[in-house]
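Just follow the structure's listing: the first ligand is 1, and inside any ligand the first atom is 1. Heavy-atom basis, side chains included; hydrogens, waters and symmetry copies ignored.
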Amino acid sequence: MNKFIFNFSSKEVKKIKNPKNILGGKGANLSEMGRMGFPVPPGFTISTNVCDLFYKNKKKLNSKIINQIKSELKVIEKVVKKKFGDLKNPLLLSVRSGARVSMPGMMDTILNLGLNDETVKALSNKTLNGRFAKDSYRRFIQMYGNVVLGVESHHFEELIENYKLTKGVLLDTELDESDWDGLISDFKKVVKEKTQKDFPQNVYDQLLGAISAVFLSWESNRAKIYRKLNQIPSEWGTAVNVQSMVFGNMGNDCATGVVFTRNPSDGSNDIYGEYLINAQGEDVVAGTRTPQYITKKARKDANVKDPSMEESMPKVYKQLEKILIKLETHYKDMQDVEFTVENNKLWILQTRSGKRTSKSAVKIAVDMVKEKLISKKQAILRIDPSSLDTLLHPTLDEKSEINVIANGLPASPGAASGKVVFTSEEAEKLNDMMQDTILVRVETSPEDIQGMHAAKGILTARGGMTSHAAVVARGMGRPCVSGSSEIDINYESKIFKTSELEVKEGDIITIDGSTGRIILGKVPTVKPEISGDFSKLMSWADDTRKLKVRTNSETPIDTKTARDFGAEGIGLCRTEHMFFDEERILSVREMILSKSKEDRAKALAKLLPHQKKDFVEIFKIMDGLPVTVRLLDPPLHEFLPHSDKEIQEVANVVGVDLKEVKSRISELHEQNPMLGHRGCRLGISYPEIYEMQCRAIFEALVELKKNKVKSAFPEIMIPLVSTEVEIKIMKELVNKIAKTVQEENKVKIDFMVGTMIELPRAAVKAKDIAKHAEFFSFGTNDLTQTTFGISRDDSGKFLNDYIDNKIFDIDPFVSIDEGVEDLIEIAVLKGKKQNKKIKLGICGEHGGDPKSIAFCSRVGLNYVSCSPYRVPIARLAAAQAEILKK
Ligand code: ADP
Ligand code: MG
Ligand code: MG
């Protein structure tokens, strides 16, 4: 393409397919608003392609482009009847950045360009307003000095502050023409001192310098960081908009402001915004003067006296209101609009889709469907599923005072306050006494489950977003800040230290799992409101999606929560979590330490009623829905005690001496437990364990049936299968127990037997495995670990290097990796080939990740399963996947 520069009013823009890619968001919208007949100051856009050329040409503009810029400038001069650099009626320009997507505050804008020692006099004469002309010039030197010449802005600000102090005034508006005159010469001195050059007086030099600076700001550090956080490719580049200036700082019939077409914090359909009289550019957001409200209603609600724009400039306000309505109808979304009023004339300077809170996003989407502005499908696509998280957890009341003492990773959203405790026992003890705690650990292990449940929040010094603490906390819906390297925990003295202070056991802290902040003291929280709009949106999502959404849950509380959030069954009920309960762990340990089959049977018999009771409760809550129960999975040593005191306790119960227990513990030690004696390998070695678990499931069903209580439908799942014979033996075991229990009770029971697919061999040999499995559930956590040969718990150490070096785009434990996807696809095809009716689901952490959910939908799974608090997220993501599939 040969055309690099587009006038806002150019008809050619209409022919561009994706105008935002070429003109940037700001440029494309300015041009569109111009064509719609709105008052936009004339100007042109230098396309994003030039950004690329600029960097290829040693960071210089080539002569062809410079010539195009000059000829476009002529067009503006003609329209506004002013001339650039003229000594009678000078044209002033703004030079504005604008990438494809808005990157607020990341790049630079320069206003009042074209002023120098001569043109400033002309401006003063022409407008008969010397103060305005000098104010504009000093602003220009400040902005240009900073952005283009690299003079730090505090140098200028200090000069203004000192001057005001000497003069004894508070506000910039109290400075007059001669004051600014003095400051202008001081500003120029600073520029000379810092850059060894005079402030440029040639207006063309100024213009090319500013355009280059905007291109350069694309590669500034802050822009790079912003791009990385928001996954914006660096190839996109920025466009530059050159526009004639309009002035909000010419007097009291002038103003500048920012306005949203709806309220961005609660979504109500009221215009909401702020403005300042006699001001320019970013004065509204700079915070030096307090801006006033746009509407009378907002002013009254906030109980302030300063008149709203609706009251002080009623005519202009009416015009603005009309334009806002048209803009919203045109873009079919809430708009964030920048405007300026010059001598009672309104100018629109920018429009874009407004950023908003999750709450208002939901309300606006639902309202717009009611207003017939958008379709239900569009409404579903508008909401980022992950953002619903903030609607489901209590959040900090940001209005209160907050003393942040350290930061960590935002591992599980929501906020919690409580007394600091360093052990799970202490958390449980205080919980029994109805006291709130924050469990602070270097890292957590499966043994901490009870304590994590008892605590209101979890804080760890080590471990990433997928560490044990993070995963379990998300599953339980507990707020969690993980991996805070800024805290130093000392279990012995029961304190943790930050660089500044010491926090003792019993001190109260607050953690914010949505941002990773660790705060001293109790901060009040606000409870989430699951409003009518939210459930309306969810009902549309449910009507749209084909993929079912289940939950991972093993406690009655979590199961109930998940059902309330719309779970359509349990996709993973981990029976080992039921083993960690205080009453049971001793029997579990007794079972593991038994030397003979008989002793083991005795210990298992003690566990049976407990497991049965859990199943009864869960089956009741999930009545009529499927519940996938996974038989024991982790290696047995995870259940064994570490402290001498606990080891002694077990020794007493089992009736052997301490030494023997210790030697059994070391016998069970494994070099690589992830690949060791676990999953169905336990079922092969100790069938009586699985037999007890099956009996508990079946007896629970019998009990419910006898009491005429509606039950869930159990799907018994065998973990870590890799061969056909394993699943065959396990299935026979399950069927044998089913037969016995049915005969004992003369009651018929219905169930399914299936397997997890979590090893590459299982995926590849899925056809053989499907001969004996009625369902597959993809355990993508382990499947990812075993596909890569990476241990999730150790990956934290090098994962960042992999992301920095672009080996991984995203953590494969967060979004399913391509290679793992291929394995799943193979297993789906082969499984279906063997058994057309095979039921397919996923139960790894990925089941709650929108990107992975889209894959599950494409590959034809029947359901995803995720932690209770992610159920609504998965429902929405599944609906989006369905819409985008077509
Ligand atoms: P950002 O992308 O950071 O919002 P902008 O390019 O929108 O930066 O510029 C910031 C502000 O500068 C605008 O909100 C507006 O107040 C002011 N501004 C920009 N262009 C003009 C102009 N042509 N006339 C008057 N003010 C302008
Ligand atoms: Mg702007
Ligand atoms: Mg597993």
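- Atoms of ligand 1 lying under 4.0 Å from at least one heavy atom of Gln350, given by number and element, are 4 (O), 7 (O).
- Of all the heavy atoms of Thr256, the ones lying under 4.0 Å from any atom of ligand 1 belong exclusively to the side chain.
- For ligand 1, the polar-atom distance check against Arg96 finds a nitrogen or oxygen pair separated by under 3.5 Å.
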* With salt bridge (charged side-chain N to carboxylate O under 4.0 Å, His left out) as the test, would you mind laying out the steps for Glu177 and Lys134 before giving the verdict? => CA-CA 6 Å; Glu177 181 180 352; Lys134 300 292 160 64; 3.1 Å; yes
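- Counting backbone and side-chain atoms alike, Thr109 contributes no N/O/S atom closer than 2.8 Å to the Mg ion (ligand 2).
- For the residue pair His330/Glu32, the side-chain donor-acceptor check at 3.5 Å is satisfied.
- Each of the following atoms of ligand 1 lies closer than 4.0 Å to a heavy atom of Thr109: 5 (P), 6 (O), 8 (O), 9 (O).
- No hydrogens or angles considered: a donor-acceptor pair under 3.5 Å links the side chains of Gln142 and Arg138.
- Summarising the geometry of Ser387 relative to Ser358, their closest heavy-atom pair is O-OG, 3.0 Å, with the distance given to 0.1 Å.
- Using a 4.0 Å cut-off between charged nitrogen and carboxylate oxygen, Arg299 and Glu311 count as a salt-bridge pair.
- Residue contacts with ligand 1: Val246 is placed with a nitrogen or oxygen under 3.5 Å of a nitrogen or oxygen of the ligand (distance criterion only).
- Within the 4.0 Å heavy-atom criterion, neither part of Val258 lies near ligand 1.
- Using a 4.0 Å cut-off between charged nitrogen and carboxylate oxygen, Lys82 and Asp86 do not count as a salt-bridge pair.
- A salt bridge is defined here as a Lys NZ or Arg NE, NH1 or NH2 lying under 4.0 Å from an Asp or Glu carboxylate O, and Asp179 with Lys164 fails to meet this definition.
- Residue contacts with ligand 1: Ser244 is placed with a nitrogen or oxygen under 3.5 Å of a nitrogen or oxygen of the ligand (distance criterion only).
- Between Ser308 and Tyr317, the side chains place no donor N or O within less than 3.5 Å of an acceptor N or O (distance only, hydrogens not considered).
- Seen from the Mg ion (ligand 2), atom OE1 of Gln350 and atom OE1 of Glu338 lie 80° apart in angle, a value rounded to 10°.
- Evaluated by nearest non-hydrogen atom to atom 27 (C) of ligand 1, the leading choice among Asn112, Leu349, Leu93, Val242 is Leu349.
- In this structure, Lys26 is part of the shell of residues with a heavy atom less than 4.0 angstrom from ligand 1.
- Contact atoms of ligand 1 toward Gly281: 12 (O), 16 (O), 17 (C) (distance under 4.0 Å to a heavy atom of the residue).
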